[in-house]
Amino acid sequence: MKLILLGAPGAGKGTQAEIISKKLGIPTISTGNILREAIKNGTPTGLKAKSFMDNGKLVPDDVIIGIVSERVACEDCVNGYILDGVPRTIPQAEALEAAGIHFDAVISIEIEDSVIEARMTGRRVCGKCGASFHITANPPKAEGICDLCGSELVIRKDDAPETVKNRLKVFHAETEALKDFYNKLGILKLVEGNQPIDAATKDILAALGV
Ligand code: AMP
């Protein structure tokens, strides 16, 4: 099963990807997490990506395409994977198609900007493994600590209100067109994002027919 989770920043892609990944036994590939790790490790990719990410801009397509091509070739991807936060532009989607990578389904998590802006202030992420929490909608078992790896939870720098506004603008300008792209391929499915996490998961699994 090869899946794409599409949606605005804060729509719940990371949270749903984590749940579905466990259910289906396939890995999640989050370019955001890979880039944050690269920045932490001071790699050349991280150095290239940092200023774009800090400002809520998109990292150039060639960097993203390189990261994804390398990751999907890994052994744990043989039975499929979930793409979270990629593709984000038409050229990225075209590059995947050109590489012969075809998807079973593209789930678009639908949610209004105003709901997202309110949501983002409560988001906390694990500084180590990238797992995503929310102080009210999805709190960790122990405050400030990741349920999965026990590391400290942090506020993402790009979750600052002004940066969120910018990221939403970028989403509407660059990423939303992907819905049309995948609709034409007949694999787009829409799921309501403004509902409790388990209800959205149920809708996603129903849309996938699993
Ligand atoms: P995310 O964790 O998916 O919200 O991504 C955080 C940031 O990483 C984005 O705001 C972009 O700056 C960058 N990024 C992640 N994935 C992509 C992508 N597919 N294309 C371009 N930039 C990306």
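We count ligands from 1, going down the list as the structure has it; atoms in each ligand are counted the same way.
- Counting only heavy atoms from C-beta outward, the side chains of Leu96 and Leu83 approach each other to under 4.5 Å.
- By the side chain to side chain donor-acceptor pair (under 3.5 Å) test, Glu176 is found to be paired with His172, residues two or more places apart in sequence or in another chain being considered.
- A salt bridge is defined here as a Lys NZ or Arg NE, NH1 or NH2 lying under 4.0 Å from an Asp or Glu carboxylate O, and Arg167 with Asp159 meets this definition.
- Heavy-atom minimum distance, Arg71 versus Pro27: NH2-CB, 4.0 Å.
- Near ligand 1, heavy-atom contacts under 4.0 Å come from Thr31, Gly32, Leu35, Arg36, Met53, Lys57, Leu58, Val59, Ile64, Gly85, Val86, Arg88, Gln92, Arg156, Asp158, Arg167.
- Minimum heavy-atom separation, Ser132 to Thr15: CB-OG1, 4.0 Å.
- Side chains of Asp84 and Thr28: a donor-acceptor N/O pair is absent below 3.5 angstrom, by distance only.
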